[in-house]
Amino acid sequence: MRLTARLMKVFVTRRIPPEGQALLAQAGISNVEQWESDEPISREDLLKGVFGAQGILCLLSDKIDKKVLDTAGSNLKVISTLSVGVDHLALDEIKKRGIRVGYTPDVLTDATAELAVALLLTTSRRLPEGIEEVKNGGWTSWKPLWLCGHQLLNSTVGIIGLGRIVPLDQLAAQSDFVVVACALTPETKLMCNKNFFQKMKKTAVFVNISRGDVVNQEDLYQALANDQIAAAGLDVTTPEPLPTNHPLLSLKNCVILPHIGSATYGTRNIMSVLAVKNLLAGLKGEPMPNEFKL
Ligand code: DGY
């Protein structure tokens, strides 16, 4: 089936990187409506936009819930998300309606892994504090123990969401660095809590590149403020963006980034192409390059 064969509406919830945008423009879809901004669409405009759509291309910041699905209506065939995470999609509702889901696994793994290493070193070697001291005149001399941190060499890095499954308590107790890289599911929600932080070594550094909701942030705050653990580096928080007066931002031993794990030009372009290919395949009823099986 050619996409121009009958009237077809697709709604795209944001401006996407150029390579995906170009592919979308060439696809010959009769009606592509798009939120022409780099800023998130409002709920009201999202509901207006999806009305009557056969396809939705969305981002991880768009909540695709029952109301959105109801508003889109029974023609909706495919939701393609420009993300590997699918926790913003009401998967049970989507499955009930026989809608297909495309997502972008694998292509962002390298960029996200690089960011994890960067965040781990930034946090453990206290780079933000050092940069701040240079700027504010706190750098008065080389001092033996000033701004000392924890070293990666010979350390044990426990990664939640990769390879061998180790009981969580054991991973917490044995690791010098804990990196959370798993998907957010009902099972992983708030799994890094008071009990988890109590099991960690006092010298350990906690890094989260997954989703803010895997962490109980109040418990993390207490663990950091009471020196239960050495430091934390977070690329993801709840909510996003984190309010600038959030208690975690008052801590010197907590480094927070604005969810930039996959933020390289190359990766975001590849993600956008994949998201468009998933969308087009879903509209045509063909196999998707990456379908999230429901
Ligand atoms: C994703 O794709 O889910 C990441 O969190 C952002 O790139």
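Every number for a ligand or one of its atoms is a count from 1 in the order of the listing. Please read all numbers here as calculations on a predicted model, not as lab measurements.
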Using salt bridge (Lys or Arg N to Asp or Glu O under 4.0 Å) as the criterion, list what pairs up with D38, not counting sequence neighbours.
R15
Exactly one of Q151, H150, K201 should register a side-chain hydrogen bond (donor to acceptor under 3.5 Å, both in side chains) with D176. Which one does?
K201
For L152, which fellow cluster members are found when Ile, Leu, Val, Met, Phe, Trp and Tyr are connected by side-chain heavy-atom distances below 4.5 angstrom, either directly or through intermediates?
L115, V117, L119, L120, L121, V157, I159, L162, F177, V179, V205, V207, I209, V255, L257, I260
Report all protein residues having a heavy-atom distance below 4.0 Å to some atom of ligand 1; order the list by chain, then number.
L60, S83, V84, G85, L108, R211, H259, S262, M271
Any side-chain donor near an acceptor of the partner, S37 and E39, under 3.5 Å:
no
Would a distance-only check, ignoring hydrogens and angles, find a side-chain to backbone donor-acceptor pair under 3.5 Å from E291 to G102?
no
Check ring pair (Phe, Tyr, Trp, His ring centres under 6.0 Å) between F196 and all other residues, then give those that pass, not counting sequence neighbours.
none
